[in-house]
Amino acid sequence: MKGLDHLLSAVSRSFYLSMRFLPREMRPGVAVGYLLARATDTVADAVDMDCRERLALLRMMGETVAGSASQEVAATCFGRLGVLSTIQTHRGEAELLARFPECLALLENLSPHERMLVRQVLASIVEGQAWDLMYFESHAAVSCPEQLEHYTYMVAGCVGEFWTRLGLLAQGPGFSTQPEEQLLRWGRHYGMGLQLVNILRDREEDLARGRSYLPAPDDRPWLDRAERWLKEGVFYAESLRNGRLRFSTVLPAWLGLDTLELLQRADWRHPSSGKVKIARGDVYLRMWKAFLFSWKEAL
């Protein structure tokens, strides 16, 4: 990972902080999965690119990750990503797109079981991203709670399941005090909660783009649900036996809960106040508390 390690810090400050503390045997699978998912997310969010072109490119990326793309499809995919990288304003994302083939090479270097897990989670993420693009071409708002829950699962809940299966693969019985079924449930809800926080935080921006992910006008039920799911993420972290893993797992949950608290204080009638954001000093304070938490004995 040394050749692409700096990309992790360039495309996600908070994730990179967490990943550095993961047990060594989990880092490659988590890092490769994140880089591939961030690359597809960058394409899905490329607003200057026609929706149909983004959708076609996403599907090609999905095929290359799955290992089912022909040489012609792979070459077309890499070429289009190279062109897109030249117009990206975010330098880290531009480099990530340009070096997408190297990320695929890292995927091939994983063990067969790790590679299978990464491919499974990327297939779900790309499916969710494609649904997002297609749905909002003809709709302005998500119509029912079940739709939103399914979307949050496809793009984030599946990541909690991936994290669990990878951890059990790497550490076996030493991973957690809880059975796999409970961990998969907590992990699934944890990921969905993090995605729901993103949706709530970006609500005004999405409305300005003519879309709404929230099927009801009242945000309170979704704020409550996000809080409940993130607390399941804390339960998940408390069950982990490895101190480094507890740190990496609990930090995003606590930062998500802090973001929810800011959202609950915000006045939605005045969107000009800007997107809520946790102050840098508060992030460092949370990191220190997560460090102390990481050395507690698992329950």
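Residue numbers run from 1 in the order of the sequence given. When reading the values below, keep in mind they use all heavy atoms of this one structure, side chains included, and skip hydrogens, waters and symmetry mates.
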Go through the steps to decide whether F78 and V83 satisfy the test side chain to side chain contact (heavy atoms under 4.5 Å, CB included), and finish with yes or no. CA-CA 9 Å; F78 300 156; V83 172; over 6 Å; no
Under 3.5 Å, sequence neighbours excluded: what are the donor-acceptor pairs made by side chains of residues 184-196?
from, atom 1, to, atom 2, distance (Å)
R185, NH1, E232, OE1, 3.3
R188, NH1, E161, OE2, 2.8
H189, ND1, E232, OE1, 3.1
H189, ND1, E232, OE2, 3.1
Y190, OH, T249, O, 2.5
Y190, OH, A253, N, 2.8

Euclidean distance, M287 CE relative to D282 CG, rounded to 0.5 Å: 13.0 Å
Got L148 and I199 here, is their nearest side-chain heavy-atom distance under 4.5 Å? yes
Sub-3.5 Å donor-acceptor pair from the side chain of E227 to the main-chain atoms of L223, do we have one? no
Please table the atom pairs, donor to acceptor, closer than 3.5 Å between any side-chain atom in residues 162-175 and protein atoms at least two apart or in another chain.
from, atom 1, to, atom 2, distance (Å)
T164, OG1, G160, O, 2.9
T164, OG1, Y236, OH, 2.6
Q171, NE2, E25, OE2, 3.2

Closest heavy-atom contact between T40 and L58? O-CD2, 3.4 Å
Looking only at the side chains, is there a donor atom on one of S239 and S176 sitting less than 3.5 Å from an acceptor on the other? yes
For the student: nearest non-hydrogen atoms of I125 and C158, plus distance: CG1-SG, 3.9 Å
Min side-chain heavy-atom separation W222-P145 under 4.5 Å: yes
Hey, could you give me each pair passing salt bridge (Lys or Arg N to Asp or Glu O under 4.0 Å) that has a residue in residues 248-259? Not counting sequence neighbours. D258-R286
Looking only at heavy atoms, what is the nearest atom pair of E114 and G29, with distance? OE2-N, 4.2 Å
Residues N109, V32; criterion side chain to side chain contact (heavy atoms under 4.5 Å, CB included); working and verdict: CA-CA 10 Å; N109 287 336; V32 171; over 6 Å; no
Are W131 and V155 close enough that some pair of their side-chain heavy atoms sits under 4.5 Å apart? no
Is the side chain of S68 donor-acceptor paired with the backbone N or O of T64 at a distance under 3.5 Å, no angle test? no
Looking at S124 and V121, would you say the former's side chain and the latter's main chain have a donor-acceptor pair under 3.5 Å? no
Check step by step if side chain to side chain contact (heavy atoms under 4.5 Å, CB included) holds for R54 and Q129. CA-CA 10 Å; R54 280 185 278 168; Q129 292 165 338; over 6 Å; no
The complete set of salt bridge (Lys or Arg N to Asp or Glu O under 4.0 Å) pairs with one or both residues in residues 139-149, sequence neighbours excluded, reads E149-R225
Under 3.5 Å donor-acceptor, R246 side chain and L240 backbone: yes
Please tell me whether M116 and V30 are part of a single hydrophobic cluster in this structure, the criterion being side-chain heavy atoms less than 4.5 Å apart. yes
Can you tell me if H90 uses its side chain to pair, donor with acceptor, with the backbone of G92 under 3.5 Å? yes
Could you check Y135 against Y213 for ring pair (Phe, Tyr, Trp, His ring centres under 6.0 Å), going step by step and ending with a plain yes or no? CA-CA 11 Å; Y135 184 84; Y213 290 89; 8.8 Å; no
Is there a side-chain contact between L106 and L36 (heavy atoms, below 4.5 Å)? no
Quick one: pull up CZ in R203 and CZ in R211 and give me the separation to the nearest 0.5 Å. 15.0 Å
Can a salt bridge be assigned to the pair E137 and R52 using a cut-off of 4.0 Å between side-chain N and carboxylate O? no
Check whether V47 and L96 end up in the same hydrophobic cluster, where Ile, Leu, Val, Met, Phe, Trp and Tyr are linked by side-chain heavy atoms less than 4.5 Å apart. no
Are the side chains of L35 and L8 in contact, using a 4.5 Å heavy-atom criterion? yes
How many angstroms lie between atom NZ of K289 and atom OG of S294, to the nearest 0.5 angstrom? 14.5 Å
Report yes if the side chains of L22 and R244 come closer than 4.5 Å at any heavy-atom pair, otherwise no. no
Taking every non-hydrogen atom, the tightest pair across V197 and G256: CG2-O, 4.1 Å
Taken to the nearest 0.5 Å, the spacing of L230 CG from R228 CZ works out to 11.0 Å
Are the charged groups of R91 and E95 less than 4.0 angstrom apart, N to O? no
Sub-4.5 Å side-chain heavy-atom contact between L110 and L117: no
Pairs meeting criterion salt bridge (Lys or Arg N to Asp or Glu O under 4.0 Å) with involvement of residues 67-85, two or more places apart: none
Hphob cluster co-occupancy, I278 + L257, side-chain heavy atoms under 4.5 angstrom: yes
Where the side chain of D202 meets the backbone of E205, is there a donor-acceptor pair that is under 3.5 Å apart? no
Do the side chains of L251 and L292 join up, straight or via other hydrophobic residues, at under 4.5 Å, putting them in one cluster? yes
Atom pair OG1 (T259) and CD (Q264), whose distance is rounded to the nearest 0.5 Å: 11.0 Å
Residues D224 and R220 bridged, charged N to O under 4.0 Å: yes
Would you give the length of the straight line joining atom OG of S70 to atom CD of E63, rounded to the nearest 0.5 angstrom? 7.5 Å
Following the transitive rule for hydrophobic clusters with a side-chain heavy-atom cut-off under 4.5 Å over Ile, Leu, Val, Met, Phe, Trp and Tyr, establish whether Y284 and V250 coincide in one cluster. yes
Full working for side chain to side chain contact (heavy atoms under 4.5 Å, CB included) between L84 and Q88: CA-CA 7 Å; L84 184 58; Q88 282 295 114; 4.1 Å; yes
Do side-chain atoms of E102 reach the backbone of R99 as a donor and acceptor pair under 3.5 angstrom? no
Any M61 side-chain heavy atom under 4.5 Å of V126 side chain: no
For the student: nearest non-hydrogen atoms of S85 and G82, plus distance: OG-O, 2.6 Å
Salt bridge between R209 and D206, side-chain N to carboxylate O under 4.0 Å? yes
With F293 as reference, evaluate F247, W254, F21 under the ring pair (Phe, Tyr, Trp, His ring centres under 6.0 Å) test and give the passing residue. W254
How would you list, by chain and number, every residue that makes a side-chain hydrogen bond (donor to acceptor under 3.5 Å, both in side chains) with E108, sequence neighbours excluded? R119
